[in-house]
Visitor: 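Provided herewith is a single structure, encoded as structure tokens, for subsequent inquiry.
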Amino acid sequence: MSPLTSRDFGLDTDYASAPEPIAPALRRRIGGRYPVDPFGFDPHLCDLLFPVVSGIVRVDVSGSEHVPTDGGAVIVANRGFGIAEPAVLAVAVRRATGRRLRVVGAPAVPMAGGALRRLGAIASSYEDVSAALRVGHLVAMPLAPTWLRTGAGTPPLALMQATTHTPVVPAAVIPGGPFGTAFRPWRVRFGDLVRLDEPYAPDDPLTAARFAEAVREAVSGLLA
């Protein structure tokens, strides 16, 4: 007998679904009729929480035509304090494409890491990033936090080599108010795919460094 997948439960781990009414959703949860994928992601839980999150996190999106509607791809975005940006980016991607987002950065702490994986986080490791891309997920990779400074942070060079075989989309995440406050909606701008001008070998470590610099410049341009 083949193992159960998300489609056996009427759900899709890549494309979002409308949340179920409360009563059938509770029956599904109590009966265990919801999937958890190999990364620990729980799509049914995310669909239940999305109306709450999108009501709190208001987002204006531009450049949504640059985000792939299918297949593996990486979205590289800036990060200020690093707390709200992943949720903002996930809301923006879902509105732009209807797809779910896997965010790099699940901590290696049992309870906290497990909870964040249920919501779509994956580990900051070459293995998790490359595996998620191979199976066709949309992965968000934040730059290093800039805190109170403006501009793009440093790309995670150790992870960039996992991205050189897939489309790379730059994104600017701009808070609606000072210190990430929600006085106005957040703004998310997606840019055109990052490309290198000269030929390159995808598996060459130097290619990852070149992509890292090109991504940083692309994100800086969107922020400007």
Side-chain angles (χ1 to χ4, degrees), residues 59 61-94 96-97 99-106 120-134 136-175 180 186-224:
V59 183
V61 183
S62 60
S64 57
E65 68 275 9
H66 299 301
V67 184
T69 56
D70 59 74
V74 179
I75 297 176
V76 182
N78 62 298
R79 180 173 50 164
F81 287 98
I83 299 173
E85 286 91 347
V88 171
L89 199 56
V91 171
V93 166
R94 181 158 173 165
T97 65
R99 298 185 69 181
R100 307 184 190 278
L101 188 65
R102 308 304 177 100
V103 180
V104 175
I122 61 175
S124 298
S125 68
Y126 175 90
E127 291 76 16
D128 259 26
V129 173
S130 58
L133 292 172
R134 279 198 306 271
H137 292 311
L138 197 56
V139 175
M141 187 181 296
L143 302 175
T146 55
W147 305 110
L148 297 177
R149 295 179 291 109
T150 58
T154 305
L157 187 56
L159 300 179
M160 288 302 298
Q161 195 166 356
T163 73
T164 54
H165 286 270
T166 58
V168 179
V169 181
V173 182
I174 305 166
W186 287 71
R187 289 173 290 156
V188 175
R189 299 172 181 162
F190 295 107
D192 199 2
L193 297 182
V194 175
R195 296 180 173 87
L196 299 182
D197 293 333
E198 299 175 0
Y200 62 89
D203 296 315
D204 185 351
L206 291 178
T207 297
R210 292 170 60 193
F211 261 111
E213 180 59 23
V215 165
R216 188 193 64 78
E217 292 179 356
V219 174
S220 294
L222 291 171
L223 288 168

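No experiment lies behind these values; they were computed from the predicted model shown.
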Visitor: Going from CH2 on Trp186 to CG on Leu89, what distance comes out if it is rounded to the nearest 0.5 angstrom?
Guide: 10.5 Å

Visitor: Counting C-beta onward and ignoring hydrogens, is there a side-chain heavy-atom pair between Gln161 and Pro205 closer than 4.5 Å?
Guide: yes

Visitor: Can you tell me how far CD1 of Ile174 sits from CD of Glu85, rounded to the nearest 0.5 angstrom?
Guide: 11.0 Å

Visitor: Partners of Arg216 by side-chain hydrogen bond (donor to acceptor under 3.5 Å, both in side chains), sequence neighbours excluded?
Guide: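 side-chain hydrogen bond (donor to acceptor under 3.5 Å, both in side chains) list for Arg216, sorted by chain: Glu213.
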
Visitor: Rounded to the nearest 0.5 Å, how far does CG of Leu138 lie from CD1 of Ile75?
Guide: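 One gets 4.0 Å once the value is rounded to the nearest 0.5 Å.
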
Visitor: Applying salt bridge (Lys or Arg N to Asp or Glu O under 4.0 Å), can you list everything that pairs with Arg99, at least two apart in sequence or on another chain?
Guide: Asp14

Visitor: Please set out all donor-acceptor pairs under 3.5 angstrom arising from side-chain atoms of residues 193-204, sequence neighbours excluded.
Guide:
unit_1, atom_1, unit_2, atom_2, d
Asp203, OD1, His165, NE2, 2.8
Asp204, OD1, Leu206, N, 3.0

Visitor: Minimum heavy-atom separation for Val129 and Ala123, please, with both atom names.
Guide: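 So the minimum-distance heavy-atom pair works out to CG2-O, 4.2 Å.
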
Visitor: What pairs of residues pass the side-chain hydrogen bond (donor to acceptor under 3.5 Å, both in side chains) test when at least one of them lies in residues 63-74, not counting sequence neighbours?
Guide: none

Visitor: Side chains of Val168 and Val215, heavy atoms from C-beta outward: is any pair under 4.5 Å?
Guide: yes

Visitor: I'd like to check the side chain to side chain contact (heavy atoms under 4.5 Å, CB included) partners of Ala90; sequence neighbours left out, ordered by chain and number.
Guide: Leu101

Visitor: Checking Arg189 now: which residues fulfil side-chain hydrogen bond (donor to acceptor under 3.5 Å, both in side chains) with it, not counting sequence neighbours?
Guide: none

Visitor: Can you tell if the side chain of Val104 reaches within under 4.5 Å of the side chain of Ser124, non-hydrogen atoms only?
Guide: yes

Visitor: Atom CE in Met141, atom OG1 in Thr163: separation rounded to 0.5 Å?
Guide: 5.5 Å

